[in-house]
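For the numbers below, each heavy atom of this structure counts, side chains included, while hydrogens, waters and symmetry mates do not. Whatever order the structure lists ligands and atoms in, that order sets their numbers, starting from 1. When a residue number appears, it is its place in the shown sequence, counting from 1.
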Amino acid sequence: MPKIVIMPSLLAADMGRLAEECRRAEAAGADALHMDVMDGHFVPNLSMGPDIVKMAHAAVKIPLDTHLMVTQPQHVCAAFIKAGANPLLIHVEAPCDVRAVLQDIRRHHVRAGLTLNPETPVEAVFPYLDDVDEVLFMSVHPGFGGQSFIPQVLPKVAALRQRLPELDISIDGGINRASTIAAAEHGVNMFVAGTYLFGAPDMRAEIAHMRSAIQNAYGKKV
Ligand code: DX5
Ligand code: ZN
């Protein structure tokens, strides 16, 4: 199976102590940090900009998996890459030249990712699979943390996993103990978790628990 990657989402961290929270996640065994960038247009919320990515880049050594929920990613990719974002993910629903943006990200020697919303068919990403290193399935409607997992995305995940056994497939939204297992069974190897991990009484124990649950469940329903 592809490498298991567990990514606490900084959106659920204590915003008053962000650098410490980044270090807490790294010390707890996180493989990467997930950074949610929202522009108030693509989603009805605003979150972090390149300076927050820069802060995280200075605070930790793990990769910064940066999720651009923005309408015009081509205008901001360079700033996030300069700040230390890698991988950098855009949405397939963004009204931009998706292939050109993905290729531009890779030209900067940064891993390129493509994200799809819960209601977007998986076929939407098929034309871009040669241009991506990671496909991220949204399992909530993007914009806010703390929502419930939408299980209807799971057959889409399994369809992509069947097609590409080695691709990095991530999932984002409503991840907890139960949805981690369901997602792993359907072929997810990278897990974003905000509320669940930052809210856990012992993040290190919870990440270890996730890792063994994923190992046991992986691929059983592909
Ligand atoms: C939602 C974001 C998610 C969010 C997940 O738009 O893309 O990354 O942080 O939060 P939880 O894990 O709380 O659902
Ligand atoms: Zn996200």
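Remark: ligand 1 atoms within the under-4.0 Å shell around heavy atoms of His67 are 7 (O). For ligand 1, the atoms lying closer than 4.0 Å to a non-hydrogen atom of Phe144 are 1 (C), 6 (O). Taking every heavy atom of Met69 and a limit of under 4.0 angstrom, the matching atoms of ligand 1 come to 6 (O), 7 (O). Counting the atoms of ligand 1 from 1 in the order shown, those under 4.0 Å from a heavy atom of Gly194 are 11 (P), 12 (O). Residue contact check: Pro142 has heavy atoms under 4.0 Å from atoms 6 (O) of ligand 1. Using a 4.0 Å cut-off to heavy atoms of His34, the atoms of ligand 1 that qualify are 8 (O). Remark: ligand 1 atoms within the under-4.0 Å shell around heavy atoms of Gly173 are 14 (O). For ligand 1, the atoms lying closer than 4.0 Å to a non-hydrogen atom of Met138 are 7 (O).
Between the side chains of Asp172 and His34, at least one donor-acceptor pair of N or O atoms lies under 3.5 Å. Between His67 and Asp65, the side chains place no donor N or O within less than 3.5 Å of an acceptor N or O (distance only, hydrogens not considered). His186 and Arg161 share no side-chain donor-acceptor pair at under 3.5 Å. Side chains of Asn176 and Ser179: a donor on one and an acceptor on the other come within 3.5 Å. Judged by distance alone, the side chains of Glu185 and Tyr218 never bring a donor and an acceptor atom under 3.5 Å apart.
Checking side-chain atoms of Ser47 against main-chain N and O of Asp36 turns up a donor-acceptor pair under 3.5 Å. In this structure a side-chain-to-backbone donor-acceptor pair under 3.5 Å is present from Gln147 to His141. Using a distance-only test at 3.5 Å, with no hydrogens or angles considered, a donor-acceptor pair links the side chain of Asn45 to the main chain of Gly143.
Within the structure, the closest approach of His141 to ligand 1 does not fall below 4.0 Å when heavy atoms are considered. Contact between Phe149 and ligand 1 is absent, with no heavy atom of the residue lying under 4.0 Å from the ligand. Residue contacts with ligand 1 include Ala193, since one or more of its heavy atoms lies under 4.0 Å from the ligand.
Considering backbone and side-chain N/O atoms, Asp36 comes within less than 3.5 Å of an N/O atom of ligand 1. On a distance-only criterion, Gly143 and ligand 1 share at least one N/O pair closer than 3.5 Å. In terms of N/O distances under 3.5 Å, ligand 1 is approached by Gly146. Taking only nitrogen or oxygen atoms, main chain and side chain alike, Gly145 does not reach within less than 3.5 Å of ligand 1.
Its N, O or S atom nearest to the Zn ion (ligand 2) is what matters here, and for His67 that atom is ND1. Within Asp172, the N/O/S atom positioned nearest the Zn ion (ligand 2) carries the name OD2.
Closest heavy-atom contact between Ala85 and Thr66: CB-OG1, 3.3 Å.
If you look at Ser9 next to ligand 1, the close heavy atoms, those under 4.0 Å, all belong to the side chain. With a 4.0 Å cut-off on non-hydrogen atoms, Thr195 touches ligand 1 through its backbone as well as its side chain. Neither the backbone nor the side chain of Tyr196 has any atom closer than 4.0 Å to an atom of ligand 1 (non-hydrogen atoms only).
Using a 4.5 Å cut-off on side-chain heavy atoms (C-beta onward), Thr115 and Val92 make no contact. Within the 4.5 Å cutoff, no side-chain heavy atoms of Val192 are placed close to those of Met190.
Angle subtended at the Zn ion (ligand 2) by Asp36 OD1 and His34 NE2: 90°, rounded to 10 degrees.
Atom 14 (O) of ligand 1 has its closest protein heavy atom at Gly174 N, 2.8 Å. Closest protein heavy atom to atom 3 (C) of ligand 1: Asp172 OD1, 2.9 Å.
By the neighbour-count criterion of 12 heavy atoms within 6.0 Å, atom CG of Asp130 is sparsely surrounded, having that number or fewer from other residues, nucleotides or ligands.
Atom CZ of Arg106 sits about 12.5 Å away from atom CG of Leu88, to the nearest 0.5 Å.
Figure legend: cation-pi geometry between Arg163 and Phe126, with NZ or CZ positioned under 6.0 Å from the six-membered ring centre and within 45° of its axis.
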